[in-house]
Every structure is written in structure tokens, then in C-alpha cells.
Amino acid sequence: MSIHNQAKKGDIAKTVLLPGDPLRAKFIADNFLEDTVCYNEVRGMLGYTGYYNGQQVSVQGTGMGMPSMSIYATELIEEYDCEQLIRIGSCGSIQPEVQLRDIILAQGACTDNGMNQLRFGGLQFAPLADFDLLHRAYTIARGKDVNLHVGNVLSSDFFYNDEHIGDPFAVWQKFNVLAVEMETAALYTIAAKYKKRALSILTVSDHIPEGKSTTSEQRQTTFTQMMDIALKLV
Ligand code: ADE
């Protein structure tokens with residue numbers, strides 16, 4: 001048991017898929033995995049272990065934002081010896097060529113969050129995806145009918161921005177950051193700390209400058225495409 005997880009050692013697979021929404025974890029367990037067992041209900045942050053094509057895999061909700069992601073990623077690695085953490089999430093595009101329903105493999109993650117400033121004493125750390133996972137995901141996704149992008153994302157602490165700041169994404173957009181989400185920089189930093197593998201696979205659910213969003217039906221289709229990639233990495 002860890003502080004936020006009631007699973008016993010051995011209950012959680014080496015590879016863990018990480019949706020932000022715990023009900024997404026339940027949906028994945030119910031619809032994509034076999035022989036599933038729910039190992040965690042602490043704080044409603046559901047976690048399941050099951051099998052995909054005979055391979056054991058877990059799926060654990062992380063909540064939103066970098067403190068929450070940091071808690072779950074740290075405990076999965078420290079307490080449960082997990083080796084491979086794969087975030088499956090959504091993001092808002094800030095580039096014209098990255099459109100609704102496209103899929104992004106986050107090669108790196110910038111952040112406006114303060115944790116790494118404290119951790120690295122004001123110096124800059126570059127949170128990166130595991131190259132092997134990224135390469136494999138890229139190869140799998142290229143064989144599918146998806147609009148794929150590989151590049152930098154921004155893991156932001158802001159979902160709602162204050163008007164007085166102006167456009168908080170303008171500088172990131174200028175430096176070719178593809179999209180905004182809220183967790184990847186923390187995941188990649190913690191994976192690096194423990195020399196474990198991590199990758200974020202993101203579907204584009206909204207286009208921030210263009211003010212566009214996907215319908216729930218479109219979100220379901222792209223979610224299935226993302227799962228097809230993620231599950232092949234197990
Ligand atoms: N996830 C999906 N859309 C987002 C947005 N606009 N900002 C942050 N995270 C997101």
C-alpha cells in the first residue's frame with residue numbers, strides 16, 4: 001500500500017496506462033482489457049490490472065495537473081516497481097497545422113509549473129519522452145490512418161487564464177510548441193529521476209486560437225485510435 005493507492009505489491013503491472021480521468025481508467029478496463037481487477041479506489045482514483053493479448057497491463061487515473069500526476073507516478077515507481085508509464089490524454093492545439101482529432105506524441109514538454117524550478121534550483125531541465133517508446137509508438141501510428149505529430153508540448157498549470165496576462169500561449173506558439181496539456185512535464189521528470197520509461201500520447205480535443213472543440217463522438221473515435229497505439233506498446 002502507498003499513501004494514495006491501496007494496491008498490494010505485485011497487483012500492478014510493469015506497464016501502466018495513465019488517463020487523467022479515473023472513469024476513463026474504468027472505461028478502458030471494461031472495454032479494452034480482459035480479466036480485470038480493480039486495485040484502487042482511494043480518492044476515487046480508480047486503478048485496474050488486466051490483460052491485453054495475454055500481456056498484463058494496468059490502467060491508473062492520475063487526476064489533473066502536475067502535483068497529482070507526480071503523486072501517482074512516484075508511487076507507481078517507488079512502491080510498485082512499475083517500469084513503463086504511458087499517459088493517454090487530450091490537449092489543446094496552438095499550431096495551425098495541428099488540427100482537431102490529430103494525435104501528438106510528446107517528444108518533450110515545456111512547463112510554466114514551478115516544481116522543476118525548485119527541484120533544479122532555478123536551472124532548466126528538459127523533460128523528454130523515452131526514445132524507445134517514442135520510436136515504437138511512431139512506427140505503430142505511422143501504419144494507421146491518423147494525422148500524427150511528434151514534438152514539444154506545454155504542460156501548463158492554467159486551464160483558465162487571467163485576461164491581464166494577455167495571450168499566455170503566444171511565446172510557446174512562436175517556438176513551435178504544438179499543444180497545451182497539464183501533466184506531461186511532471187511525468188517525464190519523474191520517469192527520468194528513477195530511470196524509467198515514459199511517453200505521452202495525446203489526442204487534440206480543442207484548438208485554442210481557433211476556438212474549436214471536438215464533439216463527443218469525435219473524441220470517442222480518436223480515443224480508440226490512441227488506445228490502439230498505446231496498447232501495442234505493452
Ligand atoms: N487538455 C485539453 N485541452 C486543454 C487545454 N485547452 N488546456 C489544457 N489542457 C487541455
Student: Find out if a path of hydrophobic residues (ILVMFWY) with successive side-chain heavy-atom gaps under 4.5 Å connects Trp172 to Phe158.
Tutor: no

Student: After noting the C-alpha distance and the side-chain angles of His4 and Met45, does the key distance pass the side chain to side chain contact (heavy atoms under 4.5 Å, CB included) rule?
Tutor: CA-CA 8 Å; His4 303 91; Met45 205 58 84; over 6 Å; no

Student: Within a 6.0 Å radius of atom NZ on Lys174, are there more than 12 heavy atoms belonging to other residues, nucleotides or ligands?
Tutor: no

Student: Please determine whether the number of non-hydrogen atoms from other residues, nucleotides or ligands lying under 6.0 Å from atom NZ of Lys26 exceeds 12.
Tutor: no

Student: Treating Ile, Leu, Val, Met, Phe, Trp and Tyr as nodes and any side-chain heavy-atom pair under 4.5 angstrom as an edge, say whether Ile88 and Phe27 lie in one connected cluster.
Tutor: yes

Student: Just checking, any donor-acceptor pair under 3.5 angstrom between side chains of Tyr72 and Gln60?
Tutor: no

Student: Checking side-chain contact (heavy atoms from CB on, under 4.5 Å) between Ile94 and each of Val153, Val177, Asn176, which is the one that passes?
Tutor: Val177

Student: Going only through I, L, V, M, F, W and Y residues with side-chain contacts under 4.5 Å, is there a path from Leu46 to Ile71?
Tutor: no

Student: What heavy-atom pair brings Tyr80 and Ala7 nearest, and what distance separates the two atoms?
Tutor: OH-O, 2.7 Å

Student: Of all heavy-atom pairs between Asp112 and Leu154, which one has the smallest distance, and what is that distance?
Tutor: N-CD1, 4.1 Å

Student: In sequence, state the C-alpha distance, the side-chain angles, and the governing distance for Lys196 and Leu85, and then conclude on side chain to side chain contact (heavy atoms under 4.5 Å, CB included).
Tutor: CA-CA 8 Å; Lys196 302 297 180 189; Leu85 304 183; 5.9 Å; no

Student: Please indicate whether Met64 has more than 12 foreign heavy atoms, meaning atoms of other residues, nucleotides or ligands, lying under 6.0 Å from its CE.
Tutor: no

Student: Would you give the length of the straight line joining atom CD of Gln220 to atom CD of Gln225, rounded to the nearest 0.5 angstrom?
Tutor: 11.0 Å

Student: Which pair of non-hydrogen atoms, one from Ala198 and one from Leu187, has the smallest distance, and what is that distance?
Tutor: CB-CG, 3.9 Å

Student: Might you work through the side chain to side chain contact (heavy atoms under 4.5 Å, CB included) test for Val37 and Asp11, ending with a clear yes or no?
Tutor: CA-CA 9 Å; Val37 175; Asp11 284 352; over 6 Å; no

Student: Please list every donor-acceptor pair under 3.5 Å in which a side-chain atom of residues 129-138 meets a protein atom from a residue at least two apart or in another chain.
Tutor:
unit_1: Asp130; atom_1: OD2; unit_2: Asp132; atom_2: N; d: 3.2
unit_1: Asp130; atom_1: OD2; unit_2: Leu133; atom_2: N; d: 2.8
unit_1: Arg136; atom_1: NH2; unit_2: Leu233; atom_2: O; d: 3.1
unit_1: Tyr138; atom_1: OH; unit_2: Arg142; atom_2: NH1; d: 2.5

Student: Is atom CD1 of Ile3 surrounded by more than 12 heavy atoms (other residues, nucleotides or ligands) closer than 6.0 Å?
Tutor: no

Student: So, do Val146 and Asp228 sit near enough that their side-chain heavy atoms are less than 4.5 Å apart?
Tutor: no

Student: For atom CD of Glu97, is the number of surrounding heavy atoms from other residues, nucleotides or ligands below 6.0 Å larger than 12?
Tutor: yes

Student: Please examine the side chains of Ser155 and Met66, heavy atoms only from C-beta on, and report whether any two atoms are closer than 4.5 Å.
Tutor: yes

Student: Hey, are the side chains of Val16 and Val57 touching, using non-hydrogen atoms and a 4.5 Å cut-off?
Tutor: no

Student: Could you give the distance from CG (Leu18) to CG (Leu199), rounded to the nearest 0.5 Å?
Tutor: 11.0 Å

Student: How long is the span from the CG atom in Leu178 to the CD atom in Gln173, to the nearest 0.5 Å?
Tutor: 11.0 Å

Student: Can you name the one residue among Asn53, Val59, Leu33 that meets side-chain contact (heavy atoms from CB on, under 4.5 Å) with Leu231?
Tutor: Leu33

Student: If I compare all heavy atoms of Ser68 with all of Gly63, which pair ends up nearest, and what's the gap?
Tutor: OG-CA, 3.7 Å

Student: For the atom pair CD1 (Ile103) and NE2 (His149), what is the distance rounded to the nearest 0.5 Å?
Tutor: 9.5 Å

Student: What is the minimum heavy-atom distance between Leu202 and Glu181, and which atoms define it?
Tutor: CD1-CG, 3.8 Å

Student: Are more than 12 heavy atoms from other residues, nucleotides or ligands located less than 6.0 Å from atom CZ of Arg119?
Tutor: yes

Student: Apply side-chain hydrogen bond (donor to acceptor under 3.5 Å, both in side chains) to the pair Glu78 and Tyr194, showing each step before the final yes or no.
Tutor: CA-CA 8 Å; Glu78 275 208 353; Tyr194 296 98; 2.7 Å; yes

Student: Rounded to the nearest 0.5 Å, what's the gap from CD on Gln56 to OH on Tyr51? Could you check?
Tutor: 4.0 Å

Student: Counting only heavy atoms not in Lys144 (residues, nucleotides, ligands), do more than 12 fall under 6.0 Å from its NZ?
Tutor: yes

Student: Side chains of Asp157 and Met182: closer than 4.5 Å at any heavy-atom pair?
Tutor: no

Student: Do Ser58 and Thr49 have a side chain donor and acceptor closer than 3.5 Å?
Tutor: yes

Student: Within a strict 4.5 Å, meaning less than it, do heavy atoms of the Tyr52 and Lys232 side chains meet?
Tutor: yes

Student: Could you walk me through whether Glu41 and Gln6 pass the side chain to side chain contact (heavy atoms under 4.5 Å, CB included) test, one step at a time?
Tutor: CA-CA 7 Å; Glu41 290 184 346; Gln6 71 201 82; 3.7 Å; yes

Student: Distance-only criterion, 3.5 Å: show the donor-acceptor pairs between side-chain atoms of residues 206-213 and protein atoms not counting sequence neighbours.
Tutor:
unit_1: His207; atom_1: ND1; unit_2: Glu210; atom_2: N; d: 3.3
unit_1: His207; atom_1: NE2; unit_2: Ser93; atom_2: OG; d: 3.3
unit_1: His207; atom_1: NE2; unit_2: Gln95; atom_2: O; d: 2.9
unit_1: Glu210; atom_1: OE1; unit_2: Gln99; atom_2: NE2; d: 3.4
unit_1: Glu210; atom_1: OE1; unit_2: Lys212; atom_2: NZ; d: 2.9
unit_1: Glu210; atom_1: OE2; unit_2: Gln99; atom_2: NE2; d: 3.4
unit_1: Lys212; atom_1: NZ; unit_2: Gln99; atom_2: OE1; d: 3.1

Student: Counting C-beta onward and ignoring hydrogens, is there a side-chain heavy-atom pair between Thr203 and Cys91 closer than 4.5 Å?
Tutor: no

Student: Ignoring hydrogens and angles, state whether a donor on the side chain of Thr184 or Ser200 is under 3.5 Å from an acceptor on the partner side chain.
Tutor: yes

Student: For the hydrophobic clusters of this structure (ILVMFWY residues joined by side-chain heavy atoms under 4.5 Å, transitively), does one cluster hold both Met69 and Leu17?
Tutor: yes

Student: Taking atom types as modelled and ignoring hydrogens, do the side chains of Ser2 and Glu79 form a donor-acceptor contact shorter than 3.5 angstrom?
Tutor: no

Student: Roughly how far, to the nearest 0.5 Å, is the CG atom of Leu76 from the CD1 atom of Ile190?
Tutor: 10.5 Å

Student: Looking at every heavy atom in both Cys82 and Ile12, which two are closest together, and how far apart are they?
Tutor: SG-CG2, 3.7 Å

Student: Is there a side-chain contact between Glu83 and Thr15 (heavy atoms, below 4.5 Å)?
Tutor: no

Student: State, yes or no, whether a side-chain contact exists between Ile86 and Ile201 at a heavy-atom distance under 4.5 Å.
Tutor: yes

Student: Please confirm whether Arg24 makes a cation-pi placement over Phe223, using NZ or CZ under 6.0 Å from the six-membered ring centre and within 45° of the ring normal.
Tutor: yes

Student: Would Val204 end up clustered with Val150 when hydrophobic side chains under 4.5 Å apart are linked, directly or stepwise?
Tutor: no

